[in-house]
Chemist: 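Below is a structure I'd like to ask you about.
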Amino acid sequence: MKQISINGTSRADLGKKASKELRKNGNVPCVLYGEKRDENGNPVAVHFYASEREINKLYFTPNIYLVDLKIDGEDHKAVMREVQVHAVKDNVLHVDFYEVTETKPIVMGVPVFAKGLAEGVRAGGRLMMMVRKLNVKALYSQIPEKLEIDVTSLALGKSIKAGSLSFEGLELVTPKEVIVCTVKMTRAAMGAAAAAAKA
């Protein structure tokens, strides 16, 4: 997994007015959830803000990153967990980070790509990727930058579901019935098939 560094500054005022002011000044309110617990055993959230420019480098990319997060000089390793984006302007409004350790597995969406030329594509069909990411569970050090699926033997009209996939060192947690990719019949292929049947 690639790494990226982000500098953050802790914040005490968590109201809407303060958050609006932060955004106005080119910053994004953020929260880090991690291993720290209070006296009742509840997770302790660290509220901070970071430069919108740095957050955009993390969010507006197809890659996944391990984030070297420095808040007021204190180092944390984290992954981006949830992002709130403005419905119209498409700018990032808020980010939740999750602190990771070397011993505790995490769940993360990893980009998925097709490998090879599908049999159904050679027959005139079109390969369609139905999902962009698959959710896997593993130690962060074992999570790859991408997952490749061999589609060479995928015939026309056939699909590959998540339940038929496996990756070494990773537990696939995407529901088994989810269709990952499929080869659909094109109009040209249907015309050719009809002509062949007629002949």
Side-chain angles (χ1 to χ4, degrees), residues 1-87 89-113 131-148 165-174:
M1 201 175 1
K2 295 181 179 180
Q3 296 192 29
I4 189 172
S5 297
I6 290 181
N7 293 301
T9 303
S10 60
R11 53 188 294 244
D13 191 346
L14 308 179
K16 290 184 178 180
K17 185 177 180 180
S19 296
K20 188 175 181 179
E21 191 66 25
L22 282 174
R23 297 185 187 105
K24 184 179 178 181
N25 292 325
N27 296 302
V28 178
C30 305
V31 178
L32 173 66
Y33 297 96
E35 296 296 307
K36 289 185 178 180
R37 296 289 188 271
D38 61 19
E39 60 274 9
N40 298 318
N42 297 317
V44 175
V46 178
H47 296 267
F48 68 100
Y49 64 88
S51 163
E52 183 178 16
R53 185 180 303 170
E54 290 188 352
I55 294 295
N56 286 347
K57 290 178 183 178
L58 175 64
Y59 179 68
F60 292 103
T61 174
N63 302 316
I64 56 173
Y65 286 97
L66 174 68
V67 182
D68 292 319
L69 192 58
K70 188 182 287 289
I71 304 174
D72 295 341
E74 185 175 339
D75 293 319
H76 306 268
K77 289 192 180 298
V79 292
M80 186 170 61
R81 177 53 57 88
E82 190 173 335
V83 182
Q84 294 178 19
V85 180
H86 194 284
K89 298 178 181 178
D90 203 35
N91 61 301
V92 178
L93 299 177
H94 183 92
V95 180
D96 285 347
F97 289 93
Y98 182 79
E99 190 167 17
V100 298
T101 68
E102 295 181 357
T103 58
K104 188 175 181 180
I106 61 171
V107 174
M108 195 163 191
V110 180
V112 59
F113 295 91
V131 295
R132 291 187 298 173
K133 291 183 178 181
L134 290 173
N135 291 327
V136 302
K137 183 177 182 180
L139 299 175
Y140 77 80
S141 57
Q142 294 180 319
I143 294 179
E145 294 179 15
K146 63 181 179 179
L147 299 172
E148 291 187 334
L165 300 173
S166 63
F167 302 94
E168 187 176 354
L170 304 175
E171 178 186 345
L172 197 61
V173 295
T174 295

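All values below were derived from every heavy atom in this structure, side-chain atoms included, with hydrogens, water molecules and symmetry-related copies excluded. It should be emphasised that the depicted structure is a prediction, and the values quoted were computed from it without experimental measurement. Residues: numbered from 1 along the sequence shown.
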Chemist: Should Val46 and Ser10 count as side-chain neighbours, where that means a heavy-atom distance under 4.5 Å?
Modeler: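 No, every pair of side-chain atoms sits at 4.5 Å or beyond.
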Chemist: Under the side-chain contact (heavy atoms from CB on, under 4.5 Å) rule, what do Tyr140 and Lys77 come out as? Steps first, then yes or no, please.
Modeler: CA-CA 10 Å; Tyr140 77 80; Lys77 289 192 180 298; 3.5 Å; yes
Chemist: Between NZ of Lys133 and OG1 of Thr174, what distance do you get to the nearest 0.5 Å?
Modeler: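 Here the rounded value is 11.5 Å.
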Chemist: State, to 0.1 Å, how close Gly109 and Ile64 come at their nearest heavy-atom pair, and which atoms those are.
Modeler: O-CG2, 3.4 Å
Chemist: What distance do Ile143 atom CD1 and Met1 atom CE have between them, rounded to the nearest 0.5 Å?
Modeler: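 One gets 5.0 Å once the value is rounded to the nearest 0.5 Å.
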Chemist: If I compare all heavy atoms of Ser51 with all of Asn27, which pair ends up nearest, and what's the gap?
Modeler: CA-OD1, 3.7 Å
Chemist: Output, in order, the C-alpha distance, side-chain angles, deciding distance and verdict of side-chain contact (heavy atoms from CB on, under 4.5 Å) for Tyr59 and Val95.
Modeler: CA-CA 9 Å; Tyr59 179 68; Val95 180; over 6 Å; no
Chemist: Of Leu139, Leu165, Val136, Val110, which is the lone residue that meets side-chain contact (heavy atoms from CB on, under 4.5 Å) with Leu170?
Modeler: Val136
Chemist: Find the distance between CD1 (Ile4) and CD (Glu54) and round it off to the nearest 0.5 Å.
Modeler: 7.5 Å
Chemist: Would you name the heavy atoms of Ile71 and Thr9 that are closest together and state the gap between them?
Modeler: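 In this case the closest contact between Ile71 and Thr9 is CG2-C, 4.5 Å.
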Chemist: If I take atom CZ from residue Phe60 and atom CG from residue Asp90, how far apart are they, to the nearest 0.5 angstrom?
Modeler: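 Reported value, rounded in 0.5 Å steps: 5.0 Å.
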Chemist: Which heavy atom of Val28 sits nearest a heavy atom of Cys30, and at what distance?
Modeler: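 The pair with the smallest heavy-atom distance is O-SG, 3.3 Å.
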Chemist: Is the closest side-chain heavy-atom distance between Asn56 and Val92 below 4.5 Å?
Modeler: yes
Chemist: CD1/Ile6 to NZ/Lys70 distance, rounded to the nearest 0.5 angstrom?
Modeler: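 If I round to the nearest 0.5 Å, the distance is 13.0 Å.
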Chemist: Among residues at least two apart in sequence or on other chains, which ones pass side-chain contact (heavy atoms from CB on, under 4.5 Å) with Val173?
Modeler: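 Only Val107, Asn135, Lys137, Glu171 meet the side-chain contact (heavy atoms from CB on, under 4.5 Å) criterion with Val173.
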Chemist: At their closest point, which heavy atom of Ala78 faces which heavy atom of Phe97, and how far apart are they?
Modeler: CB-CB, 4.2 Å
Chemist: Output the distance between atom OH (Tyr65) and atom CG (Leu58), rounded to the nearest 0.5 Å.
Modeler: 8.0 Å
Chemist: Does Ser19 have any side-chain contact (heavy atoms from CB on, under 4.5 Å) partners at least two apart in sequence or in another chain, and if so, which?
Modeler: Arg11, Arg23, Pro29
